[in-house]
Amino acid sequence: MFNTFKQFIPYNRIGMAVIDDQEEIIRAEIARSDNVKIHLRNGYSLPLAKTSLKQVIESGQPRIINDLKKYKARHPHSESTHLIVKEGIQSSLTLPLKVNDKCIGVLFFSSIHKNTYNDSHIVFLNHIASHISISFEKSILVGDLILAAITGFAKLAESRDNDTGRHIERMRNYSVAIARQLANYPQYSDIITEKYIRDIYNFSPLHDIGKVGIKDSILLKPGKLSPDEFKVMKTHTLIGAKVLEKTQEVLKNKDKNFFTIGIEITLFHHEKYNGKGYPYGLKMEQIPLSARIVAVADVFDALTSKRPYKSAMTVEKSLEIIIKEKGKSFDPDVVDAFLQSQAEILKIYRSLSDDYSELQTSG
Ligand code: C2E
Ligand code: SIN
Ligand code: SIN
Ligand code: FE
């Protein structure tokens with residue numbers, strides 16, 4: 001599209017954003033630019049009500065802003081305007097994308113020059129808007145569908161050795177809290193984008209999906225596993241990665257990297273920073289960052305939860321263990337980020353804990 005439309009309409013940047021099902025959030029999905037650095041990146045999202053896009057969507061009419069600097073002065077709190085002005089963009093044309101009269105997203109054409117757009121561009125775009133909308137919706141849907149199916153599968157898998165599905169919710173929220181904190185560290189700010197955080201949100205719940213391949217007599221054993229049983233247990237990492245690799249194949253060339261972070265997390269979440277983990281005994285930066293983040297979230301949640309083989313520990317005791325394992329099991333930076341997000345972690349723990357009220361009353 002970026003190359004095709006050049007003959008019909010001027011632009012230096014094309015951006016697309018989608019509206020979520022409940023129509024409360026708008027999320028930048030694709031951005032492509034010829035000569036300017038992208039600041040408003042994939043995955044960047046905002047509550048729809050906080051943006052001026054709400055009017056565009058409700059009216060269903062395209063909008064032209066031919067002087068973004070002036071517009072920005074009048075809308076000083078618009079973060080997205082700030083970001084695209086920082087990219088050097090001076091004018092923009094925003095086109096709502098509709099399928100069956102429902103707005104599914106918006107398309108932005110932007111130029112580094114002022115006064116670029118006029119009604120003739122709108123006439124042109126209105127002719128092709130419905131075609132863009134339909135093909136756009138299809139490609140978004142495939143990913144969403146697969147993710148929904150696989151997350152349902154993960155919940156089913158979890159329900160065998162976890163009393164409720166809350167483990168999954170806690171895990172993803174702990175993981176996202178740690179990732180957001182780490183994004184403030186200069187050495188991670190380039191890796192941990194909004195898209196990366198969304199991948200962590202979507203894929204961290206899948207980390208134990210391989211437990212589907214572990215038989216009840218091992219997974220649900222009330223006591224300690226024998227060395228042979230633990231050997232079998234460890235294969236849940238390999239089985240899980242295989243499941244996601246197979247699912248990835250279904251996507252063919254659609255989005256080859258859709259599950260990359262999911263596969264990393266599933267395969268490597270039991271690796272340890274000091275190289276003493278499994279399945280491969282990887283060390284330090286050999287372990288993907290996503291898996292180093294999820295490892296801390298997973299163990300904190302395992303410690304504070306009841307399992308067939310153990311009772312729940314207090315938060316204090318669990319924190320002690322995490323701190324003790326800093327630099328051993330866990331990446332020290334990830335532990336630091338975890339500790340810096342303690343308030344958030346505790347909030348998640350309290351709101352989603354199965355055992356909290358029990359622990360409270362038993363002291
Ligand atoms: P899980 O129950 O979700 O535990 C995830 C990880 O949390 C464990 O990985 C371990 O690193 C940490 N963890 C859990 N409980 C404790 C604890 O009491 N103390 C400490 N220091 N760490 C703890 P690990 O050990 O690789 O185990 C992976 C999975 O294997 C566990 O997932 C669980 O499903 C199973 N498993 C491990 N040990 C036993 C056991 O003795 N009996 C049974 N039935 N299953 C076990
Ligand atoms: C975008 O290009 O993704 C957003 C630009 C805007 O808010 O106008
Ligand atoms: C906003 O998202 O706050 C403004 C979007 C726009 O100006 O296009
Ligand atoms: Fe696991």
Side-chain angles (χ1 to χ4, degrees), residues 153-172 174-175 178 203-244 262-282 287-288 290-331 334-335 338 345 349 352-355 359:
F153 190 52
K155 282 190 177 158
L156 198 65
E158 283 291 331
S159 66
R160 286 170 64 212
D161 69 327
N162 274 294
D163 340 14
T164 71
R166 290 184 184 172
H167 169 58
I168 282 197
E169 283 306 309
R170 288 192 301 262
M171 256 291 302
R172 65 153 42 133
Y174 292 152
S175 303
I178 297 170
F203 296 123
S204 57
L206 307 184
H207 69 287
D208 269 346
I209 200 166
K211 282 183 177 173
V212 289
I214 307 297
K215 56 185 178 187
D216 283 353
S217 62
I218 294 181
L219 185 68
L220 304 182
K221 183 175 173 176
K224 198 166 162 47
L225 299 178
S226 73
D228 276 347
E229 287 167 334
F230 194 53
K231 217 156 114 191
V232 174
M233 189 65 223
K234 285 176 176 176
T235 63
H236 79 280
T237 51
L238 301 165
I239 296 168
K242 195 103 218 143
V243 168
L244 296 188
I263 294 168
E264 281 174 10
I265 289 172
T266 308
L267 193 53
F268 301 121
H269 71 278
H270 287 294
E271 295 289 0
K272 294 186 175 173
Y273 197 69
N274 63 9
K276 294 189 178 158
Y278 63 89
Y280 301 121
L282 300 185
I287 309 164
S290 57
R292 283 180 269 146
I293 291 171
V294 167
V296 173
D298 184 33
V299 173
F300 179 73
D301 193 50
L303 292 173
T304 51
S305 302
K306 196 165 125 233
R307 291 283 196 269
Y309 67 98
K310 64 178 275 291
S311 51
M313 272 178 208
T314 62
V315 169
E316 292 73 22
K317 180 81 193 139
S318 306
L319 286 175
E320 252 174 55
I321 293 177
I322 301 280
I323 293 167
K324 206 187 88 217
E325 289 299 315
K326 175 172 164 178
K328 295 178 193 150
S329 292
F330 307 127
D331 181 336
V334 177
V335 172
F338 173 80
I345 300 279
Y349 169 77
L352 290 167
S353 180
D354 313 315
D355 308 306
L359 281 177

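Residue numbers count from 1 along this sequence. In listed order, ligands and their atoms are each counted from 1.
- E325 and K328 are not joined by a salt bridge, as no carboxylate oxygen comes within less than 4.0 angstrom of a charged side-chain nitrogen.
- Counting only heavy atoms of the protein, atom 24 (P) of ligand 1 lies nearest to Y278 OH, 3.8 Å.
- Here the heavy atom of the protein found nearest to atom 32 (O) of ligand 1 is K211 NZ, 3.3 Å.
- Taking the six-membered ring where tryptophan is involved, the planes of H270 and Y278 are essentially parallel, since the angle between them stays under 30° and well short of 60°.
- In this structure, M313 has a heavy atom closer than 4.0 Å to ligand 1.
- In terms of polar-atom proximity, K310 is not counted as a contact of ligand 1, lacking any N or O under 3.5 Å from an N or O of the ligand.
- Given atom 21 (N) of ligand 1, the protein heavy atom at minimum distance is I321 CG2, 4.1 Å.
- Here the Fe ion (ligand 4) is the vertex; the NE2 atom in H270 and the NE2 atom in H236 give an angle of 90° (to 10°).
- By the 3.5 Å distance cut-off applied to N or O atoms, Y309 is counted among the residues near ligand 1.
- No heavy atom of D301 sits closer than 4.0 Å to any atom of ligand 1.
- The Fe ion (ligand 4) sits nearest to atom OD1 when only the N, O or S atoms of D208 are considered.
- None of I178, I322, V294 except one satisfies the side-chain contact (heavy atoms from CB on, under 4.5 Å) rule with V334; the exception is I178.
- The one candidate from E271, E264, H269 that meets the side-chain contact (heavy atoms from CB on, under 4.5 Å) condition with I287 is E271.
- For atom 8 (C) of ligand 1, the nearest non-hydrogen atom of the protein is H270 CE1, 4.3 Å.
- Not a single heavy atom of K234 sits closer than 4.0 Å to an atom of ligand 1.
- Under 4.0 angstrom from ligand 1, the non-hydrogen atoms of K221 come from both its backbone and its side chain.
- Closest to atom 29 (C) of ligand 1, if we only count protein heavy atoms, is M233 CE, 3.7 Å.
- For atom 20 (C) of ligand 1, the closest non-hydrogen atom of the protein is L303 CD2, 3.6 Å.
- Any N or O atom pair closer than 3.5 Å counts here, and L225 shares at least one such pair with ligand 1.
- Under a 4.0 angstrom heavy-atom cut-off, G223 registers as being in contact with ligand 1.
- The shortest contact between atom 11 (O) of ligand 1 and any protein heavy atom is with V299 CG2, 3.8 Å.
- Using modelled atom types, one finds no donor on one side chain facing an acceptor on the other under 3.5 Å when comparing T304 with R170.
- Close contacts of ligand 1 with I218, meaning ligand atoms under 4.0 Å from a residue heavy atom, involve 44 (N).
- Nearest non-hydrogen protein atom to atom 7 (O) of ligand 1 is A302 CB, 3.4 Å.
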